[in-house]
Each structure stands twice: as structure tokens, then as C-alpha cells.
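Everything on this sheet refers to the single structure shown next.
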2 protein chains.
Amino acid sequence: MKKRPVTSQQVAELAGVSQSAVSRCFSPKASIAPKTKAKVLAAAKQLGYRPNAIARSLITRSSRTIAVVMSQLDNPFYAQMLEYASRRFQQHGYHLLLFMSSDEQETTSVMSDILQSQADGILMLAATLSSSLAKECVARGIPVVMINRTVAFEGVSQVASDNYHGGYWVGCHLVESGCERIAFLAGLADSSTSSQRRQGFLDALAEHGAACWAEAIGDYDFATAQAATRALFSRDVYPDAVFAANDHMAIAVIDTLKAELGLQVPQDVAVVGFDNIPVAAWPSYQLTTVQQPIEAMVDEATALLLGQIASGQVTGERKVLPVTPIVRASAVSGT
Amino acid sequence: MKKRPVTSQQVAELAGVSQSAVSRCFSPKASIAPKTKAKVLAAAKQLGYRPNAIARSLITRSSRTIAVVMSQLDNPFYAQMLEYASRRFQQHGYHLLLFMSSDEQETTSVMSDILQSQADGILMLAATLSSSLAKECVARGIPVVMINRTVAFEGVSQVASDNYHGGYWVGCHLVESGCERIAFLAGLADSSTSSQRRQGFLDALAEHGAACWAEAIGDYDFATAQAATRALFSRDVYPDAVFAANDHMAIAVIDTLKAELGLQVPQDVAVVGFDNIPVAAWPSYQLTTVQQPIEAMVDEATALLLGQIASGQVTGERKVLPVTPIVRASAVSGT
DNA sequence: CTGTTAGCGCCTTCAA
DNA sequence: TTGAAGGCGCTAACAG
């Protein structure tokens, strides 16, 4: 059966001091005589005492907890982000409460749980928030940082990589490589990442006097991207280059081209992705892509959250971090 | 600045009832007159009241939180598990507190945080616990369930797939396919998963009058597995089959064989993995493997944790779930 | 530096 | 069914 945990009161009795003396021994900044501290720690060890973080939170009004809302963990890009974020916050004495939410409706119910959980801050990884919910967080003074997603509301902070210039680079690279029938495979229709990458890409083509030859939607999903690829290549004249809005889909494109359509990459079709997930570097793919600075993005988000928590001010800041083109075999210059 | 949240006291005043009446409106099983409840809910909505879960936990002594300890999130197999587990617990009104821990030493410090967090249960995904720590959890009545890892201590529950028979099947399959120089690529040396798979595999070979031709260690890591592959194939006579202890490494083997060594799979070398991660099904790999029942494993772990939390009894149970061979092109019968 | 005294926001007996 | 009262385990003034 569940035993009642040891309390600071019991430690105090054993050590022959007051309960608050025990409390002070476990608060970094409290002043306590070394001698009493030793007595208390001895008693605590003997009883197996651990401070109750719940009780502490109640009075300090700080749970030292960050709620993380994610939409997909099957994309290694976001899995990496989560792992790094967890370690980062752990370093600062914060813990992550994980919530999965696929759509905005689910997010609403999840946010209710988050608000009750008294999380000190909210980190959204590729998940969106309705503006009414965002408003409530701001009203309550809970900082929210969104990574790679945009919300039309003042007060929530946003961290993103420079999707526009990433897309722009891809456009330039493909045109300069001599490609003439360039297709774009979009991610989720309503995601800012996909539309910004697309816009930069289209602008680059336009500046070179070129245009996008075909477009399709892959929803950032493997199977959907495969279907889209089949559609794009179903006619006699097909694209000689595909820019997929992320690596996950680019891999799907390459596999479909090679295995189903008997086409070579990059000889027949050049393929470019976005993210630079580990798979992109594998010998079988050698995917040319645009690297997002995962760690820098998380560092920025961490700083934003912790800063706002410390100051008690929620400020809707926007950070855009530079991306890095990675040229591999799937789309080389001069193909 | 951070506003003080609305309390049940304030709601009570606005509704003209006592604070305990408000409390009862937010407890499912409490009895309350419909009329009062309506008044209270109206007042609560007007003020934007949300019950404070921290305060509730303090008195109910239940945080409705499960601590999850993971070692690697870059292996999609465990990312999938985490996602599914999160949704599963969410359904039951529990939330996950995420902790990353690479080695047993780090686990020790992480466990200290977990114990303080008052988590109602602990789920370990491919992470190990020292027996002293396990002992402490049991002593405190906190149920622990480990997935795919073993600990030499009574009291913690364990869920695993049938690694032995999975390995056994692989051994049979490769011998029956006519392979004669079969190599094994181990995962982490001290992991039960790797050693059980190996044992089943060796037993199968022995029963067929065969033996393992070579062994190497890949630590469940991509780069290490690549290096191991180079070593295995550095001599004139090299293996005609490789059984990698998981898919992640099997993919590394295939890539290294194809890209660096100019060998064909399965014509020159048959390759088999373990897990059946999504990548295994991709056209470029078509990896023959042994599928672990992810959802069944998590369901089992969930049931064990919630059952023990409900009963207040921690019982060290062991569940072994059946695996499913998946034959794809990387190692077919009669090669 | 130490003990005493109030609560943090809520649940839960106990009477009414 | 409802209100009043007493904590849950701890931190944070305040005196001493």
C-alpha cells in the first residue's frame, strides 16, 4: 500500500530543530548555520526525506514546469527538438509536461489541462493556438513560445528559421542547375512554414525569369507525399526537379521515383528538401536540403520563456534564425 | 506582470455560496443541487476560473502525473512509443512528465527530481534503474514499469517483446535461406534486448548445425554500426548475412554495404533487423525484420501502472508480448 | 541565525 | 444539500 512520504516536520523532530529550519536547508539562498544544516541533512538522509515539490509550488506559485504541445513525433525533426529542449530545460531546473495534439480542436481541450496544471510557460512545437486561447494565456501572464508556427495574436512569441530565404535559395539553386520544369510539393496548407518556403521559392524563380511548373500538396506526410508524387509524374512530360517543403516528404519523393517510376535522382529528377534530418545524410539519399538550426531555435525559445517567466512580463517577440544550404548529390550545381 | 489566478473563494463570493460548494462543482462524484451548480458555473465562467491542480494534488496526494524516462528519442521506435503513451495516458486523465537520461548515472540525478515531483508512477522506455533506486520507489509505493529493459530487482514491472523468439526466428530464416556465413551485430552490450535476441539467434543456428560466423557491436547507434560493418567486411571472405539487433543499425549496414562497399542486398548479403520502424518499409530498404507490438506494449504498461496506482499495491510483474516476423526483400527465403 | 506564525488553494469530514 | 473548520507540506515574513 502507498506509504505517506516523510515530511519536513518529521525530519525537524528527529533533528531537534524547527520545521522551518529544515525548509531552509533545502532552499539554496536561505541562510543557515553549517552545524544545524549538518544535523538536519543527517536526519533527512536517515529518514529518506525528499522535499515535496507540489507543496512548494503551491506557495511559491511556480511549478517549474513547461508544457510542451506537439503535433507529430514521427517527424524526426521535432523528435530531435523535443529531446534537446528537454535537456535544456532540465539544466535550468525545469521539467517538461508533454501534450500531443493533432488539430486545433484537440488543442483547445489540451490547453484546459495545461492551464490547470499551473505550468510556468508553454512551448508549442509546430502546433497552433486559437487566438482566444492565446489571449487567455497572455491575460494570465503565462508566456507562450511557438516554434515554426504563426498565430495572429499579439503577445505570444515566435521562433522560426528563415523559411523565406531557405526557399529562395532552393529556387536559385535549381534554376542555376539548369532545371526547367520545377515542381513544388507543399506541406500543410495552412502552415506558415510551408507558405513562406513556397513564397521565397517562387520569388527566386521569378527573378530568374522562370516559373513553378507544377504544385501538389503533401501535408508533411509520407504517404500523402507519395501519392502526390505519382500524380506529378503521371503525364508524359514530367518535372525535372522537385522541391519538397520538408525532408520527410523529399525522402518519400525519392523513394517513389526510384522504386515505382524507375527514375534516377538526380540524373532524371533533382530533389531538394528542407530541415536536414539525419536521414538526409544517409548514403541512399544524399539529399540536398536547407538546414534549420535546431539547437539555436530551442536555445532562443528557452531564453524567451525563461526570461519572461523571470520578469513576469509576457512580450510577443519574433525571432527569425538563419538557415544553411546543404548541397548533396540529390541536386548538385550544373546537373 | 503575473496576475494572481482566480480562486474558488472568489467564485464563491460572486455566486453567493460557500467555497466548498464551488469545490464540489468541480468534483465529479460530489453531490450538489443543480440550481447551485448552475449559479457557480456561471460565476466561474464569468471570472475565468480554473481549478488549481497543484492545490488539489497536495490534498488528494495524487498528481495524476506519470514520469517518463527515456534514453534516446532519435530512434523512431521509441518516439512512436512516447507519442502513443502520451495519448493513452491523456485519455485516462494523466499527464507525462518527460525526462531524458543517457546513462545510469544521469538516471540517478533524474530520479531525485522525479521523486520530488510526486509522480504517481514511473515509465522507463529503454532506460535502466539501479537497484537501490528501484528499491526506493517500491518502498515509497510508486509503481515502476520498464519497457524493453531488465533490472535485477523485485518489485518493478517489466514489459518486453519476445526478443528470444524473435532472434530465434531470424536464425532459422537465414539458415533456411541458405546463408552460410552469418554475422551478428549487437546493440548495447549490457541491454537485455540485445542479449536475448542474440541468444535466440544462436540457439536457432545451433539447432540447424550452424554457428555464428562473426560478431560486432553497434551500440544501437548509426555511426557505430557503420564502423562495425566496415570491420566485418574488411577481409576477403565476408559474411553473406547480417542480423542487426535493431532496424536503426540494419539500415546503417545496408547503406554502408551499398554506398561504400559496392555490395548488393540481398544478392551479396542478406540483412535482417528488429523493430519494424517505418523506415524499414521504405522502397529503398525493404528490410526484413521482426515487428515489436508497440501499441500492445504500451497498453500493457499503461494497464500495469494505472492498476497499481489504483490498488496502491506495487507488484513486480513481467509481461512478454509476441513478435511478428516481417519478410521483405532484404532477406527472402531461398536467396 | 532560529523559531513562531500565517497562509498558498483546495478537499473533506462534520453538523446543521 | 450546504457551510464551517481543519488541514495537505511547505515557504516567507516577522520577532527574538
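Letters A, B, ... are given to chains in the order of the sequence lines, protein chains preceding strands, and every chain is numbered from 1.
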### Summary
Counting primed atoms, P, OP1 and OP2 as sugar-phosphate and everything else as base, the B/S/- map of nucleotides 8-16 of chain C against protein heavy atoms under 4.0 Å is BBBBB----
### Query
For A:Gln91, does the CD atom sit with more than 12 other heavy atoms under 6.0 Å from it, leaving out its own atoms?
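Yes, CD of A:Gln91 has more than 12 neighbouring heavy atoms, counting only those of other groups under 6.0 Å.
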#### Entry: Check: B:Tyr220/B:Thr193 side-chain N/O donor and acceptor closer than 3.5 Å
yes
### Query
Do A:Ser18 and A:Ser20 get their side chains close enough for a donor-acceptor pair, meaning under 3.5 Å?
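The answer is yes; a qualifying pair exists.
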### Task
Please answer whether the main-chain N or O of A:Leu115 pairs with a side-chain N or O of B:Arg50 as donor and acceptor at a distance below 3.5 Å.
no
### Task
Could you check how far CZ of A:Arg64 sits from C1' of D:dC10, rounded to whole Å?
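Nearest whole value for this atom pair: 16 Å.
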### Query
Can you tell me how far C1' of D:dA12 sits from CD1 of A:Ile32, to the nearest Å?
14 Å
### Task
Would you indicate what A:Ile54 reaches in the nucleic acid, counting non-hydrogen atoms under 4.0 angstrom: base, sugar-phosphate, or nothing?
nothing
### Message
Regarding B:Thr36, tell me which of base, sugar-phosphate or nothing describes its non-hydrogen contacts under 4.0 Å with the strands shown.
### Response
sugar-phosphate
### Task
For the pair B:Tyr49 and B:Phe26, name the ring-plane relationship: parallel under 30°, tilted 30 to 60°, perpendicular over 60°.
perpendicular
### Message
Nearest 0.5 Å, please: how far is OG in B:Ser311 from CG in B:Leu306?
### Response
11.0 Å
